[in-house]
Amino acid sequence: MVLDFIAQKMKYRLNLKLKLSLQFTLTVVGILLFFSFLVYYFSYSSQRNRFRENLLNRAKNTAILYANFTEIDTTLLKRIHQSTLSWKNEEIFIADADLNRLYGYNINYLTSEVISQNSPEDFRYFSIKDKDGACYKYDSKLKSIYVYVVAFDKYRREKLLDLREILFWSVLFSAWLSVLLSYIFAKRAIKPISIFIQSVKNINPSRLNERLDEGDRSDELEQLAMTFNDMLANLEIAFKNQEDFISNASHELRTPITVMIAEIDYLLRRKPEYTEYVEFTHRQMSDLKHLNSLLNSLLELAQVNVSNEINKSTIRIDEVLFIAIQHVKERYFERKIVSSIQYPEDEGELLINGNSGLLQIAIQNLIENACKFSSDEVTISMSVLGSHIVLIISDKGIGIPEKDIENVLKPFTRASNVLYKGGFGIGLSLVKKILEIHHAEFRLDSKVENGTKIEIKFARYQID
């Protein structure tokens with residue numbers, strides 16, 4: 001609040017170095033002022049108490065001298081006071097039990113009216129204007145008297161003036177020194193932030209692969225660099241996915257749309273017969289289905305690439321498998337799909353933490369590929385091994401050449417021996433991405449003309 005007020009009055013915003021410097025300086029000055037006040041207060045109290053004790057001793061001696069030595073009259077007592085060492089503007093007033101004046105020396109403040117307004121006790125301390133005083137009650141066999149002594153403590157005043165001057169210049173010098181040192185330390189402390197800012201300025205959409213120096217990851221700035229690097233990694237993935245989607249979509253959609261436009265243009269240029277209209281409509285329907293399938297695959301791939309963080313819940317993987325098999329059978333009704341599930345005694349061991357919709361897409365893609373590239377039966381097995389659930393999908397189809405196994409997991413890349421088969425090369429890359437999100441282990445074994453075997457390991461959901 002103080003810094004904002006100062007910045008508003010100065011009509012500009014303070015940078016972080018000045019803010020830290022001012023905060024440190026204000027803290028130091030505040031602490032120095034507090035302790036200076038304590039030093040001054042205790043010095044003042046100590047000297048005042050000492051002076052008041054001396055005044056009380058003076059009053060005691062005067063009372064004893066006045067009451068016990070009858071041969072001493074007031075004139076002699078006054079001479080004694082004048083000849084002894086006294087304080088500046090010292091006043092002595094002696095009164096009887098009824099507060100009537102018996103003796104007075106250098107009376108200025110201690111008048112009878114002042115005495116009568118204050119009921120005396122055995123002894124007490126008081127102040128009158130710039131003087132301190134003490135009152136002492138003396139009881140003897142003959143009478144009781146009250147002795148009042150007040151004086152001005154010149155020594156205390158001079159010492160406190162010196163102390164105030166010392167404290168003032170000490171605080172002033174300390175404040176100046178704290179401003180200088182705090183600015184130096186703040187500049188050194190902010191230097192890593194300045195380097196951090198400069199490094200961030202050098203990062204742009206075309207240089208998202210650059211990362212900040214994370215040091216030994218111990219202090220807050222290095223942890224901030226770690227967090228920023230994680231954000232850059234996510235941004236890089238998002239930009240890459242966007243670029244891939246745009247590139248893939250433009251590449252794959254251009255051909256069917258161009259063909260459809262050419263066919264429609266050809267039809268409009270001539271007068272076709274009814275049968276030609278029917279044939280043309282069938283071709284357009286086939287192209288549209290092809291285009292729709294391609295768009296769905298592209299959208300699924302884009303959604304999975306963007307949604308690294310997905311909604312997960314506890315699901316039974318065998319139920320997801322059954323739904324996927326049922327959907328594939330509707331399309332490949334002539335293909336024989338043999339499933340074998342080894343159920344454990346506790347069916348809770350088939351639970352995993354995942355997204356049933358995405359897992360269904362992945363498993364369905366794998367089963368469809370097995371049916372598409374194989375004329376023989378497709379076998380599916382599932383079993384529980386320790387803390388994992390193992391799903392194996394096998395076929396005896398044409399297989400994948402060894403040199404193509406790594407590439408088929410990339411979008412829009414197909415094996416060299418399936419070019420005559422329909423497809424877009426998206427399925428396996430989509431499966432791989434979905435399984436990565438679920439932290440499932442994926443292994444693909446394939447040999448040409450001997451078929452393909454895919455093994456997936458899901459981590460079981462551990463029930464506490």
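It should be emphasised that the depicted structure is a prediction, and the values quoted were computed from it without experimental measurement. By convention here, the first residue in the shown sequence is residue 1. Heavy-atom basis, side chains included; hydrogens, waters and symmetry copies ignored.
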Has the side chain of R460 got a donor or acceptor atom that lies under 3.5 Å from a matching backbone atom of G386?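 Here the side-chain-to-backbone pair exists.
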With no hydrogens and no angle check, is any side-chain donor or acceptor of D445 less than 3.5 Å from a backbone partner on K453? no
Quick one: list whatever passes salt bridge (Lys or Arg N to Asp or Glu O under 4.0 Å) with [X], sequence neighbours left out.
{"X": "K131", "value": "E91"}
{"X": "E436", "value": "K432"}
{"X": "E349", "value": "none"}
{"X": "R52", "value": "D132"}

Who are the side chain to side chain contact (heavy atoms under 4.5 Å, CB included) partners of [X], not counting sequence neighbours?
{"X": "S174", "answer": "L32"}
{"X": "L177", "answer": "F173, L181"}
{"X": "I323", "answer": "H327, Q360"}

Any pair counted as salt bridge (Lys or Arg N to Asp or Glu O under 4.0 Å), so long as it reaches residues 161-170, sequence neighbours left out: none
If I take atom [atom1] from residue [X] and atom [atom2] from residue [Y], how far apart are they, to the nearest 0.5 angstrom?
{"X": "L391", "Y": "L321", "atom1": "CG", "atom2": "CG", "answer": "6.0 Å"}
{"X": "L366", "Y": "S394", "atom1": "CG", "atom2": "OG", "answer": "11.0 Å"}
{"X": "L163", "Y": "Q47", "atom1": "CG", "atom2": "CD", "answer": "8.0 Å"}
{"X": "S36", "Y": "I31", "atom1": "OG", "atom2": "CD1", "answer": "11.5 Å"}
{"X": "I317", "Y": "L350", "atom1": "CD1", "atom2": "CG", "answer": "9.0 Å"}
{"X": "I145", "Y": "Y136", "atom1": "CD1", "atom2": "OH", "answer": "9.0 Å"}

I want to check something: taking the side chain as every heavy atom from C-beta on, are [X] and [Y] in contact at a cut-off of under 4.5 Å?
{"X": "V150", "Y": "F126", "result": "yes"}
{"X": "I315", "Y": "L359", "result": "yes"}
{"X": "I434", "Y": "N355", "result": "no"}
{"X": "R48", "Y": "D153", "result": "no"}
{"X": "D130", "Y": "R157", "result": "no"}
{"X": "I94", "Y": "Y138", "result": "no"}
{"X": "Y125", "Y": "L56", "result": "yes"}
{"X": "Y105", "Y": "T62", "result": "no"}

Test of understanding: with side-chain hydrogen bond (donor to acceptor under 3.5 Å, both in side chains), list the residues that count as partners of [X], not counting sequence neighbours.
{"X": "R50", "result": "S46"}
{"X": "E158", "result": "none"}
{"X": "S144", "result": "D139"}

ring-ring contact (aromatic ring centres under 6.0 Å, His included): pairs with one or both residues in residues 30-55, sequence neighbours excluded: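 Matches after skipping sequence neighbours: F51-W87.
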If you look at every heavy atom in [X] and [Y], which pair is closest and at what distance?
{"X": "L110", "Y": "F93", "value": "O-CD1, 3.3 Å"}
{"X": "T452", "Y": "S446", "value": "OG1-OG, 2.8 Å"}
{"X": "Y146", "Y": "C135", "value": "CD2-SG, 4.4 Å"}

